[in-house]
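Input: a single structure, listed below in structure tokens.
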There are 2 protein chains.
Amino acid sequence: MKSLTKDVKVVVFDTFGTVVDWRGSIIRDLSIWGRNEGIQADWTALADRWRLEYEPEKNRVRNGEIGWTNLDELHAHALEKVAAEVGIKNLSRSQMQHVNSVWHRLDGWPDAVDGLTRLKRKYVIGPLSNGNVALLVNMAKHAGLPWDNVFSCELFRHFKPHPETYLGVCRLMYLNPAQVMMCAAHNYDLAAARALGLKTAFIPRPIEYGSGQTTDLVPEQDWDIVAKDIIDLAQQMGT
Amino acid sequence: MKSLTKDVKVVVFDTFGTVVDWRGSIIRDLSIWGRNEGIQADWTALADRWRLEYEPEKNRVRNGEIGWTNLDELHAHALEKVAAEVGIKNLSRSQMQHVNSVWHRLDGWPDAVDGLTRLKRKYVIGPLSNGNVALLVNMAKHAGLPWDNVFSCELFRHFKPHPETYLGVCRLMYLNPAQVMMCAAHNYDLAAARALGLKTAFIPRPIEYGSGQTTDLVPEQDWDIVAKDIIDLAQQMGT
């Protein structure tokens, strides 16, 4: 185990992309459901088009255009905007709610449950995710993610990479930043955490956005750990 | 399974007394530690005397005498007050901190881990406790309590039985009160939850305060469930 990370007590994870395969899960879940419901839509286009609204939606909160609004609500707003573009029309209110809650039903990457189970033996583990509490708790139940606690950004009423999210975990757990490690498949998230003194682990997920992905393929700084997946991270962390 | 509770999705627990044996754990933990450190004190008297300060300490926050203050800080304040009475003196700052953090090292009642593990198969389970996040997360790690999420009163900045604590769980999880069940060994806690529409389960813990206990020996209302322990609760809840 690297001496750089020997003081770490809590390991927190970005979830969308890092722990769960949001794109593949959305396509699988809604393709099956759509077939059963007789709904014709391009679910792959939905996953990609919907996610394009992710930053603009969070920016509405960050810029103060709207007050604090959680991710389920931002997803619903974005879904209303993009649905017609991908062939979704004439859905009932409860069908639209079912589509929106697909983010509660995402599956882990194949290494997620095993890697987290190993890390949990020695560390407190949790998501530090822009997802709201219900989304993350239901996702954990669906995917079998063995979190010790859900550190949702909803608790801090800021989205990452706002400093209050990373520091919020440290404060709730009475730890110094160097005792908390942030793990993500996204360099921007680790850069924000490192700037505040947290330890960092990068796990590339080169097909998060599908086969044509061009971003976050490599570590852009000398992160404390670079691991090929969560099982490898557990190994490098001595568990 | 009783039809009264068929809509329940989340089961939350009072922890001190209901899930963990705070009194027995404090006496055991500090007796061993005191012997190793060469500290002579009446640890049984400490457990009882310290807990007598529990309501007065929370009342300082409830009455507005002090602003929001979490339970670790209230415990530390009460410990300073009662230490000399039970023979604790001349401890270093780090020794006092070790004593105060005994609340993070409480053991479950013998049925706790098995009962919770069964309930977790079907329900989202968590503490709804006056303990703060770090205390409850560390306690769960110590005692092996398999929570899905920690619903600490620290998140709501109110102590039970304030309505915002029970309703806070409902809001975070997007559930109606009747979809949430409160479990406790204390009638006052269930009365507050029922008044807001939550389902209720009573689990008597007749030796929580030792062999001379006179309170909460029996259910004082027709709670939705009365169970002899958490394993029996799991059975009655169909898991």
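Numbered from 1 within each chain, the chains take letters A, B, ... in sequence-line order. Side-chain atoms are counted along with the backbone in the values below, which use heavy atoms only and exclude waters and symmetry mates.
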If I take atom [atom1] from residue [X] and atom [atom2] from residue [Y], how far apart are they, to the nearest 0.5 angstrom?
X: A/Leu46; Y: A/Leu30; atom1: CG; atom2: CG; result: 6.5 Å
X: A/Gln179; Y: A/Lys6; atom1: CD; atom2: NZ; result: 10.5 Å
X: B/Glu53; Y: B/Leu79; atom1: CD; atom2: CG; result: 10.5 Å
X: A/Leu119; Y: A/Ile231; atom1: CG; atom2: CD1; result: 10.0 Å

Would you say [X] and [Y] make side-chain contact, with heavy atoms under 4.5 Å?
X: B/Ile39; Y: B/Gln95; value: yes
X: B/Ile125; Y: B/Phe151; value: no
X: B/Trp43; Y: B/Ile26; value: no
X: B/Met181; Y: B/Tyr123; value: no
X: A/Arg23; Y: A/Ile27; value: yes

Indicate the atoms forming the closest heavy-atom contact of [X] with [Y], along with that distance.
X: B/Thr18; Y: B/Cys183; result: CG2-O, 4.0 Å
X: B/Met237; Y: B/Val8; result: CE-CG1, 4.1 Å
X: B/Pro127; Y: B/Thr15; result: CB-CG2, 3.4 Å
X: B/Ala178; Y: B/Lys199; result: O-CG, 3.6 Å
X: A/Gly17; Y: A/Arg205; result: O-CG, 3.0 Å
X: B/Leu190; Y: B/Met182; result: CD2-O, 3.3 Å

Is there any residue in [range] with a non-hydrogen atom under 4.5 Å from a non-hydrogen atom of chain A, and which ones are they?
range: residues 153-170 of chain B; result: B/Glu154, B/Leu155
range: residues 96-114 of chain B; result: none
range: residues 55-69 of chain B; result: none

Test side-chain contact (heavy atoms from CB on, under 4.5 Å) on A/Asp189 and A/Thr200; report intermediate values, then the result. CA-CA 9 Å; A/Asp189 202 352; A/Thr200 51; over 6 Å; no
Sort by residue number and list every residue of residues 129-148 of chain A having at least one heavy atom under 4.5 Å from chain B.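 At a heavy-atom separation under 4.5 Å, chain B is reached by A/Asn132, A/Val133, A/Ala134, A/Val137, A/Asn138, A/Lys141, A/Trp147, A/Asp148.
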Name the residue from A/Val180, A/Asn176, A/Leu175, A/Val124 that meets the side chain to side chain contact (heavy atoms under 4.5 Å, CB included) definition with A/Lys9.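 Result: among A/Val180, A/Asn176, A/Leu175, A/Val124, A/Leu175 is the only option passing the side chain to side chain contact (heavy atoms under 4.5 Å, CB included) with A/Lys9.
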Please flag which part of A/Lys120 lies under 4.5 Å from any non-hydrogen atom of chain B: side chain, backbone, both or neither.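 Looking at A/Lys120, backbone and side chain both touch chain B.
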